[in-house]
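See below for the structure under consideration.
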Amino acid sequence: MTDASTVSHPDPRPQEIRHDFKNAEPRWQAAWEGRACFAVPDVPPAGAKKYYVLEMFPYPSGKIHMGHVRNYTLGDVVARYKRARGHMVMHPMGWDAFGLPAENAARERGIHPGTWTYQNIANMRAELKRMGLSIEWAREFATCDVEYYGRQQKLFLDFFKAGLVERKESWVNWDPVDGTVLANEQVIDGRGWRSGALVEKKQLSQWFFSITKYAPDLLEALGSLDRWPDRVKLMQANWIGRSEGARVRFRLAATVAGTEEVEVFTTRPDTLFGMSFLAVAAEHPLAAAAAARDPRAAEFVAECRRMGTSEAAIEQAEKRGYDTGFRVAHPFIEGATFPVWIANFVLMEYGTGAIFGCPAHDERDFEFATKYGLGITPVVLPPGANPAGFALGDKAYTDDGAIFNSGFLDGLDVPAAKRRAIEALEAKGQGTGVVNWRLRDWGVSRQRYWGCPIPFIHCEACGVVPVPDEQLPVKLPEDVDFSKPGNPLDNHPTWKHVACPSCGKPARRETDTCDTFVDSSWYFARFCSPRAEAPVTRAAVDAWLPVDQYIGGIEHAILHLLYSRFFTRGMRDTGHLTVAEPFEGLFTQGMVTHESYKDPEGRWLYPEEVEFNLAPDGTRSGVVKGANTPVTIGRVEAMSKSKRNTVDPGAIIDKYGADTARWFILSDNPPERDMEWTEAGVAGAYRFTQRIYRLAATALPGLPPAGTPAEGAAGAARKLRQVTHRTIAAVTEALDGFAFNVAVARIHEFANAIGDAAEGDGMGAAKREALEAIARLSSPMMPHLAEELWSLLRPGEENLVAQLPWLEADPALLKAESLTLAVQVLGKLRGTIEVPVDADEATIFAAAEAEENVQRTIAGKPIRKRIHVPGRVVNFVV
RNA sequence: GCCCGCCUGGCGGAAUGGUAGACGCAGCGGACUUAAAAUCCGCAGUCCGCAAGGGCGUGGGGGUUCGAGUCCCCCGGCGGGCACCA
């Protein structure tokens with residue numbers, strides 16, 4: 001042993017070899033850019049295998065957050081991997097740039113929504129670029145670009161001509177103080193978020209897309225979406241909500257405002273004999289008729305109007321009703337009549353806005369009838385119950401059984417009774433069997449400035465006139481005043497005054513703008529030819545659509561995805577494209593979560609405001625930095641600004657680099673699940689990036705020249721080669737299955753194996769092969785480090801890793817010589833045996849029985865059954 | 001309220017119905033260092049036991065099976081969506 005103090009060390013000690021990410025990451029980003037590694041043509045050449053990777057585009061809030069980092073890292077891994085697998089990959093990025101926050105900024109800070117939005121986009125683009133994503137930025141656009149929303153107006157008009165657009169009355173949240181339509185999120189406990197005024201429902205004439213025309217197809221086609229998560233398909237199916245039932249017309253005992261009948265929709269015509277009341281929505285004409293002559297009915301209707309328009313608010317409200325005094329005749333029971341109530345739980349939008357109540361067999365009806373003392377007549381007998389003494393408990397009975405108390409339906413089961421009841425209704429001309437859909441038409445009108453203007457003109461003489469194509473785009477005016485309440489477009493002094501395109505007389509522009517869901521319903525198609533004059537170029541969309549892999553949050557499982565599916569069908573039927581389904585593969589990622597912190601006064605604290613202590617027993621506690629007051633460490637929850645539990649990706653990239661951020665966000669857990677962001681986890685990921693760099697850098701001087709074949713190795717070198725090729729196979733399988741955390745784990749194990757490899761013949765070549773493999777296998781996840789390693793191992797190489805094909809495992813090195821089998825007795829593990837791969841069953845059973853601990857457990861008892869699962873397990877039943 | 005998920009060591013998680021806890025984080029012990037950081041080596045579900053080994057263990061309860069984290073039923077907790085947030 002040499003005395004270290006007397007010997008100089010010309011070489012740096014291994015731990016001082018460091019990967020300089022600050023220098024390397026921008027360098028490799030520039031190299032990819034310089035070689036246009038990610039550019040693809042609008043129309044791929046014949047024979048190219050196209051692959052369209054798309055992540056849900058972000059709302060430009062101003063800063064990227066960890067949810068974005070996760071989303072775009074996942075997409076980038078797929079894009080880089082598919083590129084390496086020989087696909088021509090399109091991977092674009094854009095901005096979902098219209099929406100409420102820009103208007104809020106305008107009202108709060110006096111900044112123009114456009115200025116605010118484009119500044120935010122510039123910031124976020126710079127942040128995204130630092131992540132080293134393989135995005136083709138030349139395709140970028142924002143939905144608030146007139147070049148985009150002008151084309152959207154063209155689509156709107158084409159949809160109108162195709163009969164997919166209608167005007168209808170519908171209800172909105174109205175703030176009577178601010179004179180504004182409120183979004184559901186702006187209604188807090190029934191009051192306007194700014195004014196605090198009680199919100200009312202108000203009826204407006206609005207624009208609708210006829211999504212219900214496609215309801216059967218949207219439901220049916222879910223079956224063909226093989227690469228969508230089942231739960232998303234299930235949620236969509238439930239949302240579309242096909243149900244079979246009947247429309248039943250009830251004759252009113254006396255004519256009300258010229259009406260003689262009320263029509264209800266029911267899925268349970270079998271329970272008609274259990275009817276005890278009829279209920280209508282507060283918006284139903286009968287409710288209006290009652291209100292017109294009964295002030296208390298009017299008061300109840302007005303109260304219902306204060307309930308908000310969201311389904312959750314309506315269904316969670318206490319069930320309340322008002323007896324109108326009207327009565328209806330029962331279709332089957334001669335002479336029987338029942339009261340007509342107005343009920344707050346009946347939805348005008350669903351079915352006919354009226355129901356018949358059968359409390360014995362419907363939970364909501366039961367609750368309502370119990371509250372108001374209405375009759376409860378059971379008509380479905382649960383199996384095994386006695387019809388004579390049968391009484392309901394404190395709940396409705398909603399399952400199948402034998403019909404009783406029901407005249408001609410008695411004795412039938414529920415499905416048969418439904419059919420018979422419908423036959424009888426049809427025979428009497430009092431109803432028909434129908435299929436009803438829960439899905440409603442898509443109301444796209446918004447009374448706001450920062451959105452795509454709906455291209456129509458209202459003329460007193462000609463009615464609603466579409467803006468002629470040659471007058472498109474209808475541009476938003478720049479000079480808008482946000483100081484007045486209401487819609488700035490409506491308030492604008494000149495913008496809305498135009499000549500009618502049809503008769504030339506003074507007319508008025510439509511001042512409603514589009515729901516921002518419209519913007520996001522076709523952006524994936526626009527990316528295929530982002531600068532085209534038309535909304536899309538046929539050759540480009542025909543070549544690139546559908547999106548092969550779409551990635552985004554589960555929170556979009558229903559609305560955005562369903563609207564996009566509708567829009568694609570609409571574009572198909574108006575000749576813009578050919579496909580019906582926009583997204584062939586869908587992956588829904590989980591949220592990024594973080595601990596939350598509160599000070600003694602209950603105020604939320606940012607993580608950097610907290611100083612942590614670790615007690616010897618492992619419990620963590622915290623104090624407010626500087627103040628030394630105790631901090632409550634709260635639940636791990638979705639990162640949000642209001643809870644201040646956010647972590648700024650920019651700061652993480654500054655400190656550790658993009659590769660580390662990407663590696664950690666992939667390594668921690670499966671991408672479909674929520675993940676917790678922890679500082680310790682990032683630090684661990686950073687250490688790993690340094691570790692592989694060091695592994696390569698320290699081994700380099702001992703490696704044979706690049707290109708030295710590793711074939712024919714034996715002993716330790718062969719073992720390492722087996723690990724290399726098994727890792728290639730395992731990482732490939734993991735990436736194919738979106739199991740990125742497993743891919744990361746395999747690469748960790750691989751790094752451990754390279755570090756542990758003993759010296760031996762051929763080890764140099766085996767190590768070179770292993771190190772080159774680890775660089776290339778980790779390249780979809782850590783692209784900059786991969787390039788750095790590759791350039792270290794293969795200086796002067798023509799291609800970047802980003803341009804190389806994926807590695808193939810050598811099947812000869814995947815085969816094992818022997819395998820370990822678990823031996824169980826009665827399903828409990830008692831030992832393991834090592835057998836040659838080609839051992840026959842008799843040999844295996846003999847070896848298993850001979851195992852010492854197995855012998856002891858069997859203890860001479862007769863073996864009744866021997867089970868052998870090849871390659872896995874042997875089980876003895878004694 | 002309705003629809004859809006999720007629940008495994010101190011923590012994140014792994015596991016075609018077949019050795020539960022791979023891999024990582026945190027922790028502990030050791031090496032290196034004047035020291036620290038960094039790095040390297042090792043230990044580690046839990047209880048009993050010197051050990052060999054055994055008991056218990058995948059939110060709780062039941063079931064199917066030679067065998068259940070995995071399949072079925074019930075219950076609990078947490079989360080997403082509910083049509084004008086995106």
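Sequence lines set the chain letters: A, B, ... in the order given, protein chains first and strands last, and positions in each chain run from 1.
Residue contacts for A:Leu562: at a heavy-atom cut-off of 4.0 Å it reaches no nucleic acid atom on any strand shown. Using a 4.0 Å heavy-atom cutoff across all strands shown, A:Arg440 reaches at least one base atom of the nucleic acid. Heavy atoms of A:His556 sit under 4.0 angstrom from at least one base atom. Residue contacts shown for A:Val869 include a base, since a base heavy atom lies under 4.0 Å away. Looking at heavy-atom distances under 4.0 Å, A:Ser667 makes no contact with the nucleic acid at all. Across all strands, A:Gln206 comes closer than 4.0 Å to base atoms (heavy-atom distances). Within 4.0 Å (heavy atoms only), A:Gly241 reaches no atom of the nucleic acid at all. Within 4.0 Å of A:Phe345, counting heavy atoms only, lies no atom of the nucleic acid at all. Among the heavy atoms of the strands, none lies under 4.0 Å from A:Ser520. Here A:Arg864 lies out of heavy-atom contact (under 4.0 Å) with every strand. In this structure, A:Val187 reaches neither bases nor backbone, as no heavy-atom distance under 4.0 Å exists between it and the strands shown. At the heavy-atom level, A:Glu349 lies nowhere under 4.0 Å from the strands shown. As judged by a 4.0 angstrom heavy-atom cut-off over every strand, A:Ala557 is placed among residues making no nucleic acid contact. At the heavy-atom level, A:Val172 lies under 4.0 Å from base atoms of the strands shown.
Of the candidate nucleotides B:C66, B:C84, B:A22, B:C66 has the atom nearest to the side chain of A:Asn875. Counting only heavy atoms from C-beta on, A:Arg687 has its side chain closest to B:U39 among B:U39, B:A20, B:A86. Listed candidates were B:G18, B:A83, B:C23. Nearest to the side chain of A:Val873 is B:G18. Among the nucleotides B:G80, B:C7, B:G1, the one closest to any side-chain atom of A:Glu555 is B:G80. Ranking B:C85, B:C4, B:A20 by closeness to the A:Met235 side chain, first place goes to B:C4. Of the candidate nucleotides B:G1, B:G13, B:A83, B:G13 has the atom lying nearest to any side-chain atom of A:Pro670. Side-chain proximity of A:His748 to the nucleotides B:C84, B:C23, B:A14 is greatest for B:C23.
Residues A:Ile692 and A:Met782 have side chains in contact (heavy-atom distance under 4.5 Å, counting atoms from C-beta outward). The shortest distance between side-chain heavy atoms of A:Arg830 and A:Arg856 does not fall below 4.5 Å. Two residues are said to be in side-chain contact when any heavy atoms from C-beta on lie closer than 4.5 Å; A:Phe876 and A:Val854 meet this criterion. Counting only heavy atoms from C-beta outward, the side chains of A:Leu562 and A:Arg565 approach each other to under 4.5 Å.
Taking side-chain N and O atoms only, A:Ser310 has no distance below 4.0 Å to OP1 or OP2 of B:C82. The phosphate of B:G12 has neither OP1 nor OP2 within less than 4.0 Å of any side-chain N or O from A:Asn741. Side-chain nitrogen and oxygen atoms of A:Arg694 include at least one within less than 4.0 Å of the OP1 or OP2 phosphate oxygen of B:C40. Phosphate proximity of B:C7 to A:Arg673: present, with a side-chain N or O under 4.0 Å from OP1 or OP2. For B:G5, neither phosphate oxygen OP1 nor OP2 lies less than 4.0 angstrom from any side-chain nitrogen or oxygen of A:Arg231. Using a 4.0 Å cut-off, some side-chain N or O of A:Asn853 falls inside it from OP1 or OP2 of B:G54. Neither OP1 nor OP2 of B:U16 sits under 4.0 Å from any side-chain N or O of A:Arg872. Checking the phosphate oxygens (OP1, OP2) of B:G54, a side-chain nitrogen or oxygen of A:Arg830 falls inside 4.0 Å. An OP1 or OP2 oxygen of B:A68 is reached within less than 4.0 angstrom by no side-chain nitrogen or oxygen of A:Lys828. Contact annotation: A:Asn669 side-chain N/O to B:G12 OP1/OP2 distance is not under 4.0 Å. Residue A:Arg18 has no polar side-chain atom (N or O) positioned under 4.0 Å from OP1 or OP2 of B:A38.
When rounded to the nearest whole Å, the span between CD of A:Glu672 and P of B:G12 equals 16 Å. Atom CG in A:Asp362 sits roughly 12 Å away from atom C1' in B:G1 (whole-Å rounding). Going from atom CG of A:Leu666 over to atom C1' of B:G12 covers 14 Å, rounded to whole Å. Computed from coordinates, the A:Ile665 CD1 to B:G13 P distance equals 14 Å when rounded to whole Å. In this entry the distance linking CD of A:Gln824 with C1' of B:A20 reads 12 Å, nearest Å. Distance A:Leu559 CG to B:C84 P: 8 Å, rounded to the nearest Å. Note: CD1 (A:Ile867) to P (B:U19) measures 14 Å, nearest angstrom. In this structure, the CD atom of A:Gln236 is 14 Å from the C1' atom of B:C82, given to the nearest Å.
For the pair A:Arg438 and A:Leu234, both in contact range of RNA chain B, the more 5′-proximal nearest nucleotide belongs to A:Leu234. Closest-nucleotide positions on RNA chain B for A:Arg856 and A:Ala685 were compared, and the one nearer the 5' end corresponds to A:Ala685.
Ring geometry, A:Tyr693 versus A:His19: the interplanar angle falls from 30° to 60°, so the pair is classed tilted. Between A:Phe688 and A:Trp663, the two ring planes are parallel [angle under 30°; tilted spans 30° to 60°]. Between A:Trp450 and A:Phe98, the two ring planes are perpendicular [angle over 60°; tilted spans 30° to 60°]. Below 30°, between 30° and 60°, or above 60°: for A:Phe740 and A:Phe738 the angle between ring planes is between 30° and 60°, a tilted geometry.
Rounded to the nearest Å, the gap between the C1' atom of B:G79 and that of B:G27 is 30 Å. Look at the P atom in both B:C11 and B:U46: the space between them is 11 Å, to the nearest Å.
Salt bridge status for A:Glu363 with A:Lys319: absent, with no side-chain N to carboxylate O gap under 4.0 Å. Using a 4.0 Å cut-off between a side-chain N of Lys or Arg and a carboxylate O of Asp or Glu, A:Glu749 and A:Arg746 qualify as a salt bridge.
No N or O donor and acceptor, one from the side chain of A:Glu363 and one from the base of B:G1, sit under 3.5 Å apart. Taking 3.5 Å as the limit, the base of B:C3 and the side chain of A:Asn238 contain no donor-acceptor pair of atoms between them. A donor-acceptor contact under 3.5 Å is formed by the side chain of A:Gln447 with the base of B:C84.
Of the nucleotides present, none pairs with B:U33 by Watson-Crick or G-U wobble criteria with both distances under 3.5 Å. The partner of B:G49 cannot be assigned: no Watson-Crick or G-U wobble pair with both contacts below 3.5 Å exists in any strand. When both distances must be under 3.5 Å, the Watson-Crick or G-U wobble mate of B:A68 does not exist. Nucleotide B:G5 forms a pair with B:C78, judged by Watson-Crick or G-U wobble geometry with both contacts under 3.5 Å. For B:A83, there is no paired nucleotide, since no Watson-Crick or G-U wobble pair has both relevant distances below 3.5 Å. B:G12 is paired with B:C23 under the criterion used here, namely a Watson-Crick or G-U wobble arrangement in which both key atom distances are under 3.5 Å.
Taking 90° from 0 as the syn/anti boundary, the base of B:G76 is oriented anti.
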